[in-house]
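The chain is numbered in sequence order, starting from 1. Excluded from the calculations below are hydrogen atoms, water molecules and symmetry mates; all remaining heavy atoms, backbone and side chain alike, are included.
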Amino acid sequence: MRNPVLLVIAHGSRDPRHAATVHALVRRVRTLRPGLRVETGFLDFNVPSVQRVLESLAAEGVRDVVALPLLLTRAFHAKADIPAVLRDAPRQLRIRQAEVLGPSPLLLSALERRLYEAGLTPADKPSTGVVLASAGSTDPEAIAVIAEIAREWRHTGWCAVRPAFASASLPRTEDAVRELRALGCRRVAVAPYVLAPGFLPDRIARGAAEADVLADVLGPAPEVARVLLERYDGARTPLRAAVGA
């Protein structure tokens, strides 16, 4: 039996860096799992749309698909937008929606990778405060997840970790930077908890003007690609069991 096709569902953006980063991540996933068919669809702004990819797969005779939201938290897009699109898919497709990427220890490893690439070292952790800067959400569950990630990350040796949000929620990145300064952290670093460049990541970068270090977005980090495959494997197992029942 063939493995289900992995359909990565990205939000999309007018910023061309967004789609370029998504495609780079998907290429890394393909490298990690040769033979797995991986397709990409966008909810908005970019092509191909999710609906178009699903129609194309159905026309080819594909039957099993794992739809993976390229999202770090389970908020509106994962709870409403994506299920609505999948409900309109061709009926011959058997689709299972995978879990969002976060939280995951691998994503914390990716965050640290980006901070070290920006100039920090493990020896800097006890004297460095970190702003965990996410896009933001009106969903209380998503906000609570970000706060919990910050608490967990603090226990790995950083001077302090504070969550911040580029939209919808407070505090903003610049306020969290100032709070860490006031706490007495020798240096302050901003770690964007976002997958690809765009409008809100640019806002995070502007808010990091007074920080000592600004890390890059997670992008196609190998840890992120591994999380995608973990989520795919977690979703395909019950799908395959149901098909074989």
Side-chain angles (χ1 to χ4, degrees), residues 4-30 37-60 62 65-91 93 95-102 107 110 133-143 145-146 164-169 172-173 192-207 216-221 224-225 227-228 231-232 235:
V5 171
L6 170 56
L7 172 58
V8 176
I9 300 179
H11 182 273
S13 171
R14 293 185 178 90
D15 189 322
R17 297 173 298 168
H18 174 89
T21 302
V22 171
H23 291 311
L25 175 59
V26 168
R27 286 195 296 271
R28 187 177 287 274
V29 171
R30 292 187 181 120
R37 182 172 178 181
V38 187
E39 299 291 341
T40 308
F42 296 89
L43 292 174
D44 205 355
F45 301 116
N46 302 106
V47 294
S49 68
V50 176
Q51 188 65 30
R52 177 63 60 86
V53 175
L54 291 171
E55 291 171 354
S56 178
L57 291 173
E60 290 180 32
V62 171
V65 177
V66 170
L68 194 155
L70 198 61
L71 301 168
L72 294 172
T73 58
R74 181 171 161 76
F76 183 78
H77 293 305
K79 294 177 180 178
D81 283 352
I82 292 175
V85 172
L86 297 181
R87 282 195 296 270
D88 289 336
R91 292 188 177 276
L93 292 176
I95 304 173
R96 188 173 185 88
Q97 182 175 328
E99 294 295 331
V100 298
L101 303 185
L107 293 179
S134 74
S137 174
T138 58
D139 189 302
E141 177 186 349
I143 298 303
V145 167
I146 298 299
F165 307 94
S167 67
S169 308
R172 295 287 184 258
T173 301
Y193 190 58
V194 292
L195 287 166
F199 176 76
L200 293 178
D202 284 349
R203 180 179 289 178
I204 290 171
R206 290 193 297 272
D216 199 358
V217 298
L218 293 171
V224 179
V227 175
L228 261 71
R231 298 295 183 255
Y232 169 79

- Message: What verdict does the side-chain contact (heavy atoms from CB on, under 4.5 Å) test give for V65 and E39, after you've listed the backbone C-alpha separation in whole Å, the side-chain angles of each residue and the deciding distance to 0.1 Å?
- Response: CA-CA 10 Å; V65 177; E39 299 291 341; over 6 Å; no
Report yes if the side chains of [X] and [Y] come closer than 4.5 Å at any heavy-atom pair, otherwise no.
X	Y	answer
R52	S56	no
D139	F76	no
L101	L68	yes

Closest approach of [X] to [Y] (non-hydrogen atoms, all atoms of both residues):
X	Y	result
H18	G12	NE2-N, 3.1 Å
H77	L43	ND1-CD1, 4.3 Å
T40	P48	O-CG, 3.4 Å
P192	L218	O-CG, 4.2 Å
A67	I95	CB-CG2, 4.0 Å
D15	D202	OD2-OD2, 4.3 Å

For the [atom1] atom of [X] and the [atom2] atom of [Y], what is their distance to the nearest 0.5 Å?
X	Y	atom1	atom2	answer
I9	I82	CD1	CD1	4.5 Å
E60	E55	CD	CD	12.5 Å
L6	R37	CG	CZ	11.0 Å
R203	L200	CZ	CG	6.0 Å
L195	L72	CG	CG	4.0 Å
H11	L70	NE2	CG	11.5 Å

Any sub-3.5 Å donor-acceptor pair from [X]'s side-chain atoms to [Y]'s backbone N or O?
X	Y	answer
N46	S13	yes
Q51	D88	yes
R172	F165	yes
S167	A135	yes
R30	V38	yes
S169	S137	yes
Y193	A164	no
R17	P197	no

- For this output row, return yes or no: ring centroids of F42 and H23 closer than 6.0 angstrom.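 They qualify: ring centres under 6.0 Å apart.
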- Message: Is there a side-chain contact (heavy atoms from CB on, under 4.5 Å) between V224 and L228? Walk through the geometry before answering.
- Response: CA-CA 6 Å; V224 179; L228 261 71; 4.1 Å; yes
- Item | Within 6.0 Å of CD in Q97, more than 12 heavy atoms from elsewhere |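 Result for CD/Q97: enclosed.
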